[in-house]
Amino acid sequence: MPTTVRAWGAPAEAAPLESMTLERRDVGDHDVRIEIERAGVCHSDLHTVRGEWGDQPYPLVPGHEIVGTVAEVGSAVQKWQVGQRVGVGVFVDSCRECDNCRAGLENYCRKGMTGTYGATDRDGSITQGGYSAQIVVDEGYVLRIPDGLDLDGAAPLLCAGITLYSPLAHWGAGPGKQVAIVGLGGLGHLGVKIAAAMGAEVTVLSQSTRKADDARRFGATDCLATSDEATFTENQGRFDLIVNTVSADLDTVKYLGLLNTNGTLCQVGLPSSPMSVPAGALTGGRKSLAGSMIGGTVECQEMLDFCAEHGVVAEVEMIRAEQIDEAYDRMVASDVRYRFVIDAASL
Ligand code: NAP
Ligand code: ZN
């Protein structure tokens, strides 16, 4: 018998979110039932339910920054015990057979990962996300939340944290490296904290300097306004790595100009229009324009352990379920300091 659980979701495209229920499958041999305690609010949730990413199956319950406690495990599950603190991120399954899945890079599964919400699950049902009281997930897609991490601040690590950790680790952010993070929102503020913990010198490129004090508190040495043309003329050739978290269309060529020789501009924000770059903006200085999407289970666990070791958690504003739409509006207005997190008790 499936279990009916409380949730908040969108009944239709661009409709306000409302209280609803959804069914969670029975715990199979390899499944884990998680009692959700916190769910982070990612800008991707908003893109999805407000129709910015095309047609979706409705009703749809978003949420892919999930933390809670194991409530039940399947008969074959050895890795997890009832009562353990665990998390679930942006995907809940993948083909498990391709080279990427076998390497722990399920986010780049050749057949496509199964997203935590709005995706077709193995049994043909549509996955529903973390703005809900419980979730049932295969044991291989569950992550351990280290004891040292505060639960409120840990939730956003499951998407925002790994999305920044992965490119920072891949492109070698560390001592002697100049790293810039574009956009100080949910993703960006964790990028600053993680890059600083890795030992890099970090600069924030924000629309204005109004978040400069926060940027420094998170570990940045500099906060520059992208509305000021001098930022682009005075910092030409400065950065080894720029990670762009902004979902609006930016002038990519201007940011490429800030890269050092051999530098990389890595896109993690997802603007809706195609990016246009003349080849010459890359050839001079052997520059790379790259992208990165979340991270696999192995790296996600590594990131959680790294954050526990370095005391990195998100700066959060706790909200109740009925405040989700207001939180979305504030995200659109860049008025989030720095991640909204839903207290599942309010569902
Ligand atoms: P967020 O909390 O809303 O932060 C985005 C930040 O971008 C804002 O705080 C703002 O920072 C800046 N910004 C907003 N509008 C801007 C504009 N018009 N021009 C310049 N800068 C602007 O969003 P988020 O949750 O961090 O997500 C950011 C993007 O990443 C979204 O597109 C999301 O879908 C995507 N995402 C990608 C992945 C991946 O795996 N690649 C994973 C998760 C999310 P300032 O105030 O500092 O300028
Ligand atoms: Zn996300």
Side-chain angles (χ1 to χ4, degrees), residues 39-50 52-53 62-66 87-91 105-108 113 115-118 129-131 155-168 170 180-194 203-215 218 220 222-228 231 242-252 254-255 266-273 275 290-296 299-300 303 314-317 327-341:
V41 178
C42 179
H43 206 113
S44 302
D45 302 349
L46 182 173
H47 287 306
T48 305
V49 299
R50 292 196 170 173
E52 294 166 18
W53 284 353
H64 57 207
E65 294 185 335
I66 301 167
V88 176
V90 179
F91 54 91
L105 288 169
E106 305 89 341
N107 51 321
Y108 301 129
M113 63 177 194
T116 302
Y117 57 82
Y131 300 179
L157 298 176
L158 276 304
C159 173
I162 185 61
T163 299
L164 272 291
Y165 181 90
S166 187
L168 289 167
H170 183 79
I181 304 289
V182 189
L184 198 64
L187 268 55
H189 91 290
L190 280 169
V192 174
K193 289 188 177 196
I194 292 168
T203 298
V204 169
L205 299 173
S206 188
Q207 292 167 91
S208 71
T209 53
R210 75 197 163 100
K211 298 176 183 171
D213 289 346
D214 289 343
F218 300 150
D222 234 349
C223 178
L224 305 172
T226 53
S227 53
D228 183 354
T231 293
I242 301 175
V243 184
N244 179 16
T245 75
V246 176
S247 55
D249 299 322
L250 300 184
D251 183 352
T252 307
K254 276 167 54 177
Y255 291 82
C266 176
Q267 195 66 33
V268 294
L270 296 159
S272 39
S273 347
M275 296 158 73
S292 185
M293 188 182 78
I294 47 172
E299 195 173 43
C300 201
M303 175 275 305
E315 183 133 320
V316 306
E317 188 174 330
Y328 284 173
D329 290 340
R330 285 182 53 194
M331 281 176 100
V332 171
S334 301
D335 176 28
V336 43
R337 308 269 170 118
Y338 280 86
R339 196 59 142 187
F340 294 110
V341 173

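Every heavy atom of this structure was used, including side-chain atoms; hydrogens, water molecules and symmetry mates were not. Numbering of ligands and ligand atoms starts at 1, following listing order. Because the structure is a prediction, the values reported are computed rather than measured.
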Asker: If the cut-off is 4.0 Å to any non-hydrogen atom of W53, which atoms of ligand 1 fall inside it?
Answerer: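 Here the atoms of ligand 1 in question are 34 (O).
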Asker: Just go through G295, C266, C159 and tell me whose heavy atom is the nearest to atom 43 (C) of ligand 1.
Answerer: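 Minimum heavy-atom distance to atom 43 (C) of ligand 1 goes to C159.
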Asker: Please list, in number order, the atoms of ligand 1 under 4.0 Å from a heavy atom of C42.
Answerer: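 Result: 43 (C), 44 (C).
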Asker: List ligand 1 atoms under 4.0 Å from S247, heavy atoms only on the residue side.
Answerer: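 So the answer, numbered in order with elements, is 31 (C), 32 (O).
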Asker: As a check for students: among A248, G188, G185, identify the option with a heavy atom nearest to atom 18 (N) of ligand 1.
Answerer: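 Heavy atom nearest to atom 18 (N) of ligand 1 belongs to A248.
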Asker: Do any heavy atoms of G291 fall under 4.0 Å from ligand 1?
Answerer: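 False for this residue.
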Asker: Side chain or backbone of L250 under 4.0 Å from ligand 1, or both, or neither, by non-hydrogen atoms?
Answerer: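 Under 4.0 Å from ligand 1, L250 contributes side-chain atoms alone.
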Asker: What atoms in ligand 1 come closer than 4.0 Å to a heavy atom of T245?
Answerer: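 Those qualifying, in numeric order: 28 (C), 29 (C), 30 (O).
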Asker: V336 heavy atoms, cut-off 4.0 Å: which ligand 1 atoms fall inside?
Answerer: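 In order of number, 2 (O).
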Asker: Can you tell which of Q207, H43, E52 gets a heavy atom nearest to atom 19 (N) of ligand 1?
Answerer: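 It is Q207 that holds the nearest heavy atom.
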Asker: By number and element, which atoms of ligand 1 are closer than 4.0 Å to a non-hydrogen atom of R339?
Answerer: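 Per the distance check, 24 (P), 25 (O).
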Asker: Looking only at distances, please establish whether an N/O atom of ligand 1 is found under 3.5 Å from an N/O atom of G186.
Answerer: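 Yes, there is a polar N/O contact under 3.5 Å.
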Asker: Would you mind running through ligand 1 and noting each atom that sits below 4.0 Å from a heavy atom of I294?
Answerer: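 The atoms of ligand 1 under 4.0 Å from a heavy atom of I294 are 39 (C), 40 (O).
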Asker: Taking all atoms of both residues into account, what is the closest heavy-atom pair of Y131 and G40, and its distance?
Answerer: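 Nearest pair, atom of Y131 first, then G40: CE2-O, 3.9 Å.
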Asker: Look at the N, O or S atoms of H43, main chain and side chain alike, and state whether any lies under 2.8 Å from the Zn ion (ligand 2).
Answerer: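 No N, O or S atom of H43 is closer than 2.8 Å to the Zn ion (ligand 2), so no.
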Asker: Does any N/O atom on V268 come nearer than 3.5 Å to any N/O atom on ligand 1?
Answerer: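 Yes.
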Asker: Could you go step by step and tell me if Y338 and L190 meet the side-chain contact (heavy atoms from CB on, under 4.5 Å) rule?
Answerer: CA-CA 9 Å; Y338 280 86; L190 280 169; over 6 Å; no
Asker: Below 3.5 angstrom, do we get any N/O pair linking M293 and ligand 1?
Answerer: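 No, since none of the N or O atoms of M293 sits under 3.5 Å from an N or O of ligand 1.
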Asker: Which atoms of ligand 1 have any heavy atom of S44 under 4.0 Å away?
Answerer: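 Reading through ligand 1 atom by atom, the close ones are 33 (C), 34 (O), 36 (N), 43 (C), 44 (C).
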Asker: Any heavy-atom pair between the side chains of L158 and V88 that's under 4.5 Å?
Answerer: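 Not touching, per the 4.5 Å side-chain cut-off.
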Asker: For atom 21 (N) of ligand 1, which candidate among L184, D214, V246 provides the closest heavy atom?
Answerer: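 Among L184, D214, V246, the closest heavy atom to atom 21 (N) of ligand 1 comes from V246.
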Asker: Ignoring hydrogens, just give me the one of I162, L187, L46 whose non-hydrogen atom is nearest atom 26 (O) of ligand 1.
Answerer: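 Considering heavy atoms of I162, L187, L46, the nearest to atom 26 (O) of ligand 1 sits in L187.
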Asker: Do D45 and Y117 have side-chain atoms, one donor and one acceptor, less than 3.5 Å apart?
Answerer: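 Result is yes, a qualifying pair exists.
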